[in-house]
Amino acid sequence: MTIPLTDLSHDDLSALHQQLSSEHAELAARGVCLNITRGKPSPAQLDLSADLLTIDVPSHAEDGQDVRNYGGNRGLPEIRRIFGELLGVDVDHIIAADNSSLAIMHDLAMFAFVHGIAGQQPWSGQNVKFIAPVPGYDRHFAICEHLGIDMIPVELGEHGPDVDEVAKLAADPSVKGMWVVPMYANPNGAVYDERTVRALVSMPAAPDFRIWWDNAYALHHLTDVERPALPVLQWAEEAGNPDRVFELASMSKITFAGDAISFLASSQANLDWYLGHAAIRSIGPDKVNQLRHARYLRDADGVRKLMRAHREILAPKFAAVEEILTRRLGGRGVASWTHPAGGYFVTLDVMDGTASRVVALAKEAGIALTPAGASHPLHRDPHDRTIRLAPSFPGMDELREAMEGVSTCVLLAASEKLLKG
Ligand code: PMP
């Protein structure tokens, strides 16, 4: 029978602790080297798009542009059309860039710092703040940290944060942005709902306040429920705030993470502002790769089909994580975890005050986990509770071994803490 650790007598808890310590020591002695730190596609997923390496690419795009030459900083219409359809955005409101949407986010922030958004003062020299739903994506927080943007954490629920709390914060004119990963959020799998999003696009805020709508996982369903992307640009326009949203997306986890295409979708005014600055930085994106992708994927259905093949590889890995966590930690009262319907991550919440200890114990056992605190601004998890699991990269056997090991570490850290009182 499974008994919560808190219900065990002191003797039983000591005995369990002894047993877990020797399991942990055995693991450490085996000298394994397992890594579930980052949401990278596995080699099998990259192989799905192997034809991209050999496909013939013509020299000219459908509008007659020579893709080998400079220019065309909005990106090719054929690839913008495909992704525009997938995001529910008109082709005129989406531009295609090079391989990283994170790079666009960084550029947007830099342009805001140096030049200001929408005729407003540059952010440089101001005490700029961003609303940061937690747990969140560590690289978003790293951009803020790097540029000196203060982050205000708000708790991220299953359907988004509390909109009243957010609206109160956004009323402060020094609050200039909010991070949102609307579908299958990194790392807790949250999916924003219509009520939340309509509130976010209509709340009063500074004229240069933007929602940084990072739709990195819009197409990354883990079940056969393929929800459409929310029409956030349309809702912002309907709310009278057409410039409220910078929408980002990319093909990093569709084709090749290191050689894909990124997208920015927004109002015409925002795109013109961005392109005005981006044109100084570059004479145009890698259009050969854009045409290669358009030829290879063919149309929106080509992308959907490819995403189903990704799902076939990923879903069993998430199922294995769920199975092992349930078997090892279910009913023990020391952990809870998310059951994402898409995306790349599972959030594991362990007993308060033990997340760093779990990560350290895992490291001793040869299992690399994302550092504790990574999902919080400035790496500060006030409860030392949240651990991000990234099951995509390892093979199934390694993943299972890593998850068994992590479960041992979670129980060991909890029993240690309880014994200390
Ligand atoms: N946004 C989120 C939420 C992510 O999880 C990731 C990748 N882990 C990225 C952006 C990175 O996107 P890109 O590869 O387009 O730079």
Side-chain angles (χ1 to χ4, degrees), residues 35-42 45-46 49 75 79-80 83 86-87 94-110 130-144 146 151 156 160-161 177-192 210-222 229-230 232 245-265 278 285-286 289-290 293 303 307 310 314 318 338 340 342-347 369-371 374-377 386 388-393:
N35 189 322
I36 48 172
T37 54
R38 306 271 1 149
K40 291 202 297 190
S42 63
Q45 288 178 268
L46 299 172
S49 298
I79 198 71
R80 286 160 48 210
F83 229 75
L86 293 165
L87 292 180
I94 183 165
I95 60 178
D98 290 329
N99 78 311
S100 164
S101 62
L102 197 66
I104 302 181
M105 294 180 233
H106 187 262
D107 279 353
L108 287 166
M110 291 303 289
F130 266 43
I131 299 167
V134 291
Y137 176 37
D138 54 355
R139 293 189 194 275
H140 286 162
F141 300 161
I143 290 179
C144 285
H146 197 57
M151 289 170 271
L156 178 58
M178 172 174 179
W179 294 110
V180 171
V181 182
M183 279 179 77
Y184 314 131
N186 176 353
N188 78 346
V191 179
Y192 280 58
R210 296 288 179 272
I211 294 171
W212 298 53
W213 182 267
D214 181 358
N215 224 341
Y217 300 105
L219 308 169
H220 303 61
H221 319 286
L222 284 167
L230 297 177
V232 64
V245 180
F246 291 145
E247 174 160 18
L248 291 312
S250 82
M251 294 214 180
S252 290
K253 285 168 185 139
I254 296 176
T255 56
F256 298 151
D259 186 35
I261 300 164
S262 59
F263 298 91
L264 171 64
D286 178 351
N289 196 33
Q290 293 185 1
H293 272 75
V303 179
M307 293 317 292
H310 281 288
L314 284 172
F318 280 79
T338 52
Y344 263 60
F345 304 99
V346 172
T347 295
L369 291 173
T370 313
S375 315
H376 286 69
T386 300
R388 182 181 83 164
L389 305 174
S392 60
F393 188 77

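Order of listing sets the numbers, starting from 1, for every ligand and every atom in it. The basis for the numbers below is simple: all heavy atoms, side chains too, and nothing from hydrogens, waters or symmetry mates.
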Check your understanding: So which heavy atom in the protein is nearest atom 11 (C) of ligand 1, and how far is it from that ligand atom?
Key -> Y137 OH, 3.7 Å
Revision key, fill the gap. CD1 of I143 to CE of M105, rounded to nearest 0.5 Å, is 6.5 Å
Practice item. Measure up the W179 and H140 rings against each other and bin them: parallel (under 30°), tilted (30 to 60°), perpendicular (over 60°). Key: parallel
Study note, to complete from the structure: Between the CG atom in L102 and the CZ atom in R139, the distance rounded to the nearest 0.5 Å is 7.0 Å
Point to revise | By side chain to side chain contact (heavy atoms under 4.5 Å, CB included) - contacts of L230 (at least two apart) | key: V197, W213, W235
Point to revise | Side chain, backbone, both or neither: the part of A216 lying under 4.0 Å from ligand 1 by heavy atom | key: side chain
Practice item. Could I get the full list of side chain to side chain contact (heavy atoms under 4.5 Å, CB included) partners for F256, not counting sequence neighbours? Key: L46, S49, L52, L53, D259
Revision key, fill the gap. In terms of heavy-atom contacts, A260 and S252 come closest through CB-N, 3.6 Å
**Study point:** Heavy-atom nearest neighbour in the protein, as seen from atom 5 (O) of ligand 1, with distance rounded to 0.1 Å
**Key:** Y217 OH, 2.5 Å
Revision key, fill the gap. Of V181, D214, L248, the residue with the heavy atom nearest atom 10 (C) of ligand 1 is D214
**Study point:** S250, any N or O under 3.5 Å of ligand 1 N or O
**Key:** yes
Review point. Using heavy atoms and a threshold below 4.0 Å, how should the contact between L102 and ligand 1 be classified: side chain, backbone, both, or neither?
Key: both
Practice item. Tell me which protein heavy atom sits closest to atom 16 (O) of ligand 1, plus the residue, atom name and distance to 0.1 Å. Key: S100 OG, 2.8 Å
Practice item. Please confirm whether M251 comes under 4.0 Å of ligand 1, counting heavy atoms of the residue only. Key: no
Point to revise | Region of K253 that comes within reach of ligand 1 [heavy atoms, distance under 4.0 Å] | key: side chain
Review point. In terms of residue, atom name and distance, what is the protein heavy atom nearest to atom 12 (O) of ligand 1?
Key: S101 OG, 3.2 Å
**Study point:** Shortest heavy-atom approach to atom 14 (O) of ligand 1 - which of G39, G136, S252
**Key:** S252
Check your understanding: Will you find, in the side chains of T386 and H376, an N or O donor that is under 3.5 Å from an N or O acceptor?
Key -> no
Exercise for review: Provide the closest heavy-atom pair for P340 versus G189 in the form atom of the first, atom of the second, distance.
Suggested key: CB-CA, 4.4 Å
Exercise for review: Check if Y344 has a non-hydrogen atom at a distance under 4.0 Å from any atom of ligand 1.
Suggested key: no
